[in-house]
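Letters go in sequence order (proteins before strands), and every chain restarts at 1.
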Amino acid sequence: MRRLGELEAEIMDRLWAWRRPTTVREIVDDINVQRPVAYTTVMTVAGILYNKGWLLRAKEGRAWVYSPVRSREEYTAALMEDALGTSDDRPAALAHFVRQMGPEEVNALRKALRAAGKRPQA
Amino acid sequence: MTDALALVCYAAVVGVLTPEALARGTWSHRFPAPSVAMWQGLAVSFTLAVALASYHLIAPTGHLHNGMSGLLRFCGVPFATDVPGLTGVPAVAVPVGVMLLPLVCFGFHLLRARHARARHRSVLDLVGRRSARLRATVLDHETPVAYALPGRRPRIVVSSGTLRVLSPAQLDTVLAHERAHVTGRHHLALAAAEAFATAFRRLPLARTAREQTALLLEMAADDRALRSHPREVLASALYAMAEGRAPRGAFLAGGPDALVRLRRMLAPRGPARPVMRGVMAAGAATVPLLPVLACCLPGLG
């Protein structure tokens, strides 16, 4: 039994890749190429994604067709904004390896590396 | 009244004069974790001094200390003191409020950060790709980033840009650094420093403690990574990450933290000094007691 979150990700993966309104049947058939999954399960999870605001849906004939509210790139960009931590608003939420810095500071880093006798990798 | 004056002076020394002197040197960088504890000890000490001073100012005749029993009673239940003078709710409400303020801020910061992380994680789990090999989530983005989402359901995240600019050895080291943040629960120490800075917004101690805590926690994570990885690799990874995403022509005031860390990584290690470490831990544990002792000891005589 896979976790619900993984099925959510599988559904979103396909909708982002296909870039067109898709029925639950199409998603089920595609997942079934790799492993068996019940139609009702996918329908339920698609409903959850719709309720969470990830998917739009519209009636096409007798079936619902689903499409992502936003593209994968848009969501990624929002995460990156958090991750780059340019705003000082929520510093305690994420632990960055290194913060965004300006060219002068990067220069200073390079000099310090050189001074230690280690050539920075290009 | 003398007690109140002594406490105010103590609070001024700890809150205004000490922080700059402590932050100036780099000796604390040799012991990052005990140094974080020391900043926390100073913060507690300051809060207690202000709370006690406010008590003594409001109830100048109502001394808490009738010998040692008074000290113990104060540390226990301040309401139970049976001393003459202006006591009761007003005399106790202010000092209790002073002590509660940072605690309330701490709760607020913890909740807010947890909420932000949960929201971030829910998007991350759908958008990112889990890499079993790296034990991390990979975000498809050209800008190199590496970060940790600490907490009960932690995530280590790297962007595909990071995979591009780092060698496998460098990547390992950076991941070790991020895992150290999670296993060390650094977010709690950082939230505490944030809380103190929110409670006492303009206090030099609060500002410095927050900055220093953030830097010292990075150093602690660096040290953890350096236990199992060569220092040149971590240093060059730091440079590669910074270089890979510096915006051209823009200037960002990020502070010299990265440079300080890089120099520290490359500097030869001094011998481990467990004694010094112990002394600092003991100091961090003792410094909160100083204001209590300072104003209660005279009553012991």
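When heavy atoms are compared at a cutoff of 4.5 Å, B/Leu262 approaches chain A solely by way of its side chain, counted from C-beta outward. Using a 4.5 Å cut-off between heavy atoms, A/Leu49 contacts chain B through its side chain alone, with no backbone atom that close.
Counting all heavy atoms, side chain and backbone alike, A/Val98 lies closest to B/Ala258 at CG2-CB, 4.2 Å. Annotation for B/Ser236 and A/Leu113: closest pair CA-CD1, 4.1 Å, computed over non-hydrogen atoms. A/Ala112 approaches B/Leu266 most closely through the heavy-atom pair O-CD1, 4.0 Å. Closest approach of B/Leu126 to A/Arg72, counting heavy atoms only: O-NH2, 3.9 Å.
For the pair B/Glu243 (side chain) and A/Val106 (backbone), a donor-acceptor distance under 3.5 Å is absent.
Among B/His177, B/Met265, B/His120, B/His181, the residue making the largest number of heavy-atom pairs under 4.5 Å with chain A is B/His120. Note on B/Arg114, B/Arg263, B/His186, B/Arg261: by heavy-atom pairs under 4.5 Å with chain A, the leading option is B/Arg261.
To the nearest 0.5 Å, the span separating CG on B/Leu139 from OH on A/Tyr75 amounts to 14.0 Å. Taking CG from B/Asp257 and CD from A/Glu105, the interatomic distance works out to 9.0 Å, rounded to the nearest 0.5 Å. The distance from the CG atom of A/Leu79 to the CG atom of B/Leu124 is 6.0 Å, given to the nearest 0.5 Å. The structure places CG of A/Asp82 at 12.0 Å from CZ of B/Arg117, a figure rounded to the nearest 0.5 Å. Remark: B/Leu175 CG to A/Phe97 CZ distance equals 10.0 Å, nearest 0.5 Å. Residue A/Lys111 holds its NZ atom at 10.0 Å from CG of B/Leu259, rounded to the nearest 0.5 Å.
Within a 6.0 Å sphere centred on CZ of B/Arg202, other residues, nucleotides and ligands contribute 12 heavy atoms or fewer. The local environment of CZ in B/Arg224 is sparse, with at most 12 non-hydrogen atoms from other residues, nucleotides or ligands closer than 6.0 Å. In the displayed structure, B/Glu20 atom CD is contacted under 6.0 Å by at most 12 heavy atoms of other residues, nucleotides or ligands. Other residues, nucleotides and ligands contribute only 12 or fewer heavy atoms inside 6.0 Å of the CZ atom of B/Arg185.
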- Going through the checks in order, is the side-chain contact (heavy atoms from CB on, under 4.5 Å) test met by A/Trp54 and B/Val123? CA-CA 10 Å; A/Trp54 284 82; B/Val123 179; 3.9 Å; yes
- Query: Checking side-chain contact (heavy atoms from CB on, under 4.5 Å) for the pair B/Val127/A/Trp16: CA distance, chi angles, key distance, verdict?
  - Reply: CA-CA 10 Å; B/Val127 172; A/Trp16 276 322; 3.8 Å; yes
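Geometrically, A/Arg114 does not engage B/Tyr239 in a cation-pi contact defined by less than 6.0 Å to the ring centre and at most 45° from the axis.
Taking 4.5 Å as the limit, some side-chain heavy atom of B/Thr143 sits within range of a side-chain heavy atom of A/Met80.
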